[in-house]
Amino acid sequence: METEVKGVGAERGWTVSAYLLLAALALAAFVIYKLVLTGETWDKYGVKHVSMFRIAFDDFRKGTTKLINEEGDTVGLNMGDMLLLTRDLDILRNVMVKDFNNFVDRSLLIASNSPLEKGLFFLNGQDWRRIRHVTTPSFSTGKLKQVSGHLNESAARLARVLEEYAQRDDLVPIKHLMGQFTSEVIARTAFSLNTDCVGKGDDEFTRYAKKIFKIHGVLMNLLMLIMFQNKRLHRFLVKTMKLQLVDSVSEDADQYFVSILESALKERHELASQGKKPHPDLFQNLIVAQEAGSKAEENSTDNSAGTSGEKIPRTMTHEELLGQSMLIIFAGFDTTASTLQMCFYYLAKHPEIQEKVYQEITRTVTSESPTYEDVAQLRYTEQVLNETLRLCPPAPIMTRRAAEARTYGSVTIPKDAAVIILLDMIMRDPKHYPDPDKFDPERFSEENCAKRDPMAFVPFGYGPRQCIGMRLAYMELKFCLVHVMRKVKFELNERTEPKPGGEITMSFQGVVIIDKPIMLAVKLRESSK
Ligand code: HEM
């Protein structure tokens with residue numbers, strides 16, 4: 001198969017398979033030389049060293065799971081970078097909380113000409129501190145309450161679509177429908193865009209949201225792995241050579257989102273100049289935060305300090321504003337969609353738990369449209385969501401980089417090493433969760449939570465770099481459950497997928513992707529008949 005290079009030389013229509021393969025082989029030889037001949041090992045740092053070839057050819061998540069199960073809670077690898085793989089909570093408490101100032105940066109960077117490269121998730125050092133500081137108020141309780149109208153409308157529409165499935169006795173393609181729901185929610189809560197796509201074909205917004213980051217074939221995966229080892233080369237090819245082929249962000253998705261954001265921004269400025277009411281959405285919150293930050297800097301009225309005590313400016317450039325907005329689309333799409341898919345699957349599998357959720361919802365939420373305060377009272381529903389997130393965290397692996405070497409007990413983390421935090425392995429550790437593969441929301445009763453190390457539950461990460469959208473995510477998930485559970489119940493039968501005894505398989509592409517479609521049966525509740 002031939003691939004056409006876009007960007008530099010695109011006009012000449014270069015075909016690249018041959019020279020891509022050559023470049024990949026040359027770089028692979030270089031990396032292997034670097035590893036085998038000059039490679040450092042972890043033994044001198046008090047950590048068991050294992051060969052990178054034990055996971056190099058596997059899905060990274062499956063490979064690391066196998067390694068930890070076979071070798072223990074902490075192992076070290078050299079993949080060009082020194083990697084410490086761990087689920088040891090004492091080490092991680094230092095890395096993620098106590099000694100955070102030494103581990104602010106993630107080790108995974110993207111190289112792109114898209115503003116998404118400036119999204120909070122990918123930023124490091126002072127840039128991360130500044131943008132986190134500017135954007136945090138946009139996710140405050142007060143701000144989140146403003147988007148509850150959007151959540152109610154989309155969740156009510158989803159419930160209506162599910163009722164139609166029940167009336168037709170059709171199976172629900174839950175992955176597809178949840179993808180449409182979370183895409184619609186993001187379009188509305190973030191940009192007040194009414195995509196109205198649930199139950200219909202994918203609209204443009206959903207199509208592009210699904211492919212912001214490139215998914216590569218085998219050859220390109222190899223090349224990207226090598227780029228990862230040679231970050232400077234990667235940046236040079238993307239930034240200086242404008243080689244779209246190795247840009248981490250898909251060019252057409254980038255163009256689409258930049259163009260809708262630029263026109264939304266123009267519309268917001270026009271509304272403001274006419275003295276009209278602004279839209280109640282996250283984009284507006286970010287615009288307000290940007291303007292407030294610039295004013296505070298001009299007047300030197302901002303004396304706020306960051307986690308390391310220094311003064312942090314509150315400025316955000318135009319490109320950074322676009323970057324945060326694009327990141328919200330990416331971060332809020334697959335994560336909540338896969339949580340809902342798995343939650344509805346577990347509820348179908350455990351009818352008695354589904355009934356308890358239904359009873360709690362009908363008891364607690366009396367109005368047609370729940371409020372922020374209503375859903376905050378849904379304790380058992382939250383236990384069910386937490387148990388779903390424990391078993392299937394959508395973002396199961398995170399990283400931090402050591403700015404300086406640190407020693408914790410017998411383990412030393414050398415300068416520049418990457419700590420690979422195995423969130424899913426922490427949450428399936430029998431030390432914290434006996435019989436870890438069993439779905440049991442009682443693990444999250446107040447009493448059981450009090451007995452457990454709080455760091456054993458980390459689907460949103462932990463410490464100052466924890467997910468900024470966590471409360472929005474819970475709100476979205478709960479609004480969805482309220483509307484859906486009141487109207488329908490999910491069931492498994494001989495037609496549903498996976499078949500009894502069958503498994504749900506997942507692959508890891510930065511976030512977890514559920515491989516095969518889950519198909520559920522759905523029945524109307526008595527009150528909806
Ligand atoms: C079930 C839903 C979600 C899950 C499980 C999830 C999980 C995570 C995790 C594990 C991290 C990394 C935390 C760390 O490194 O310690 C993260 C970061 C982030 N998430 Fe989420 N997330 C979810 C939904 C959302 C939503 C809805 C948004 C925004 C609207 C969002 C925005 C972000 C951002 C901006 C970051 C980067 C934070 C930083 O680096 O400072 N997430 N998320």
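Order of appearance sets the numbers: ligands from 1, and atoms from 1 within every ligand. Basis for what follows: all heavy atoms, side chains included, without hydrogens, waters or symmetry-related copies.
Taking the side-chain contact (heavy atoms from CB on, under 4.5 Å) definition, one finds that D437 meets it with R428, sequence neighbours left out. K66 pairs by the side-chain contact (heavy atoms from CB on, under 4.5 Å) definition with E70, not counting sequence neighbours.
Contact between Q324 and ligand 1 is absent, with no heavy atom of the residue lying under 4.0 Å from the ligand. Put simply, no part of P393 is less than 4.0 Å from ligand 1, judged by heavy atoms. The closest approach between L423 and ligand 1 falls below 4.0 Å for a heavy atom of the residue. Not a single heavy atom of F122 sits less than 4.0 Å from an atom of ligand 1.
Between R132 and ligand 1, a contact under 3.5 Å exists for at least one N or O pair. Remark: ligand 1 and T336 share no N or O pair separated by less than 3.5 Å (distance only, no angle test). Looking at E476 next to ligand 1, no N or O pair under 3.5 Å apart turns up.
Side-chain contact annotation: H350 with Q354, donor-acceptor N/O pair under 3.5 Å absent. For N285 and S138, the side-chain atoms include no donor-acceptor pair closer than 3.5 Å. Side-chain polar atoms of H483 and N152 form a donor-acceptor pair below 3.5 angstrom. Y408 and D99 are linked by a side-chain donor-acceptor pair at a separation below 3.5 angstrom, with hydrogens and angles left out of the test.
Within a 6.0 Å sphere centred on NZ of K239, heavy atoms belonging to other residues, nucleotides or ligands number more than 12.
Nearest non-hydrogen protein atom to atom 7 (C) of ligand 1 is P459 O, 3.5 Å. At the shortest separation from atom 16 (O) of ligand 1 among protein heavy atoms lies R400 NH2, 2.7 Å. What sits closest to atom 1 (C) of ligand 1 on the protein, heavy atoms only, is T339 OG1, 3.5 Å.
Between F100 and W128, the ring centre distance stays below 6.0 Å.
Between F205 and F257, the two ring planes are perpendicular [angle over 60°; tilted spans 30° to 60°].
For the side chain to side chain donor-acceptor pair (under 3.5 Å) condition, the pairs that include at least one residue of residues 373-391, sequence neighbours left out, are K145-E373, E360-T381, T371-D374, E382-K478, N386-Y474, E387-R390, E387-R443.
Comment: R188 does not engage D281 in a salt bridge, judged by the lack of any side-chain N to carboxylate O separation of less than 4.0 angstrom.
Residue-ligand proximity, L120 to ligand 1, at heavy-atom distances under 4.0 Å covers atoms 38 (C), 39 (C), 40 (O), 41 (O).
Protein atoms that are N, O or S and lie under 2.8 Å from atom 21 (Fe) of ligand 1 are these: C467 SG.
Only the side chain of L472 comes within contact range of ligand 1, with a heavy atom under 4.0 Å; no backbone atom does.
Considering only non-hydrogen atoms, atom 15 (O) of ligand 1 lies nearest to R106 out of R106, M475, Q466, R471.
The one candidate from Y433, Y462, F444 that meets the ring pair (Phe, Tyr, Trp, His ring centres under 6.0 Å) condition with F457 is F444.
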